[in-house]
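Worksheet: one structure, shown below.
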Amino acid sequence: MRPIKTTRSFFTTCSRATARTAGKPQAFLAALGVVILWAATGPIYHFSNTWQLVINTGTTVITFLMVFLIQATQNRESEAVHLKLDELIRAIHGAHNALLDLEELEQKDLDKIRENYLALAKSARDEVKVGRVQAGRTDQKG
């Protein structure tokens, strides 16, 4: 395997930092503080349309930008998890390499594979119920 380039783009760095920061209690408290400050200024501005427009515009812009930054972070993390799982499947003797990269399949194909695994799971539970194998063991009988 080739060495992996570890430099990050500005967007990647920014989206990761934003996602981490936005997920902290302090971010919630800061947002709550802004809303409380905005509400407290209502009487000063006589609850005008401009006063309402400030919070509406601010929250809309922040939400719009956060959607893209957080989605980018989630996509990257999901991709990393898929790659790690693919490596585990590839490395484990007896694992089915056909399961590599399943996220690229169509839903109908995933449904067919899922049906096979549901049948395997039911069969394994039935074996446990009748005492042929111990719960959680797939390598030994009784």
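Heavy-atom basis, side chains included; hydrogens, waters and symmetry copies ignored. These figures come from a predicted structure and were not determined experimentally.
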Checking ring pair (Phe, Tyr, Trp, His ring centres under 6.0 Å) against W38, which of W51, F47, Y45 comes through?
W51

Which residues pass the side chain to side chain contact (heavy atoms under 4.5 Å, CB included) test with S9, sequence neighbours left out?
F11, T12

Could you see if L53 belongs to whatever hydrophobic cluster contains V34? Use Ile, Leu, Val, Met, Phe, Trp, Tyr and a side-chain cutoff under 4.5 Å.
no

Under the 4.5 Å side-chain heavy-atom rule for ILVMFWY, direct or indirect, which residues accompany F68?
V61, F64, L65

Salt-bridge criterion met for E79 and R76 (N-O under 4.0 Å):
no

Please list, chain by chain and in numerical order, all residues satisfying side chain to side chain contact (heavy atoms under 4.5 Å, CB included) with N75, sequence neighbours excluded.
Q71

Could you tell me whether the side chain of D86 reaches within less than 4.5 Å of the side chain of E103, counting heavy atoms only?
yes

For R125, enumerate each residue passing the salt bridge (charged side-chain N to carboxylate O under 4.0 Å, His left out) test, keeping only those at least two apart in sequence or located in another chain.
none

Is there a chain of hydrophobic side chains (I, L, V, M, F, W, Y, each step under 4.5 Å between heavy atoms) that links L83 to V81?
no

Using distance only, find each side-chain donor-acceptor pair of residues 20-32 under 3.5 Å and give its atom names and separation, not counting sequence neighbours.
| unit_1 | atom_1 | unit_2 | atom_2 | d |
| --- | --- | --- | --- | --- |
| T21 | OG1 | A17 | O | 2.8 |

Contact summary for T18 and M66, nearest pair of heavy atoms
CG2-SD, 3.4 Å

Cluster check L100, L85: I/L/V/M/F/W/Y, side chain < 4.5 angstrom:
no

Quick one: side chains of residues 105-122, donor-acceptor pairs under 3.5 Å with protein atoms, not counting sequence neighbours, listed by atom name and distance.
| unit_1 | atom_1 | unit_2 | atom_2 | d |
| --- | --- | --- | --- | --- |
| Q107 | NE2 | D111 | OD1 | 2.9 |
| K122 | NZ | D126 | OD2 | 3.0 |

Side chain of T57, backbone of V54: donor and acceptor closer than 3.5 Å?
no

State, to 0.1 Å, how close T13 and R8 come at their nearest heavy-atom pair, and which atoms those are.
OG1-CB, 3.6 Å

Over all heavy atoms of both residues, which pair between R16 and T73 is shortest? Give the atoms and the distance, please.
N-OG1, 3.7 Å

Whether the side chain of S78 engages the backbone of Q74 through a donor-acceptor N/O pair (distance < 3.5 Å, no angle test) should be reported.
no

What's the spacing between S15 OG and I70 CD1 if we round to 0.5 Å?
10.0 Å

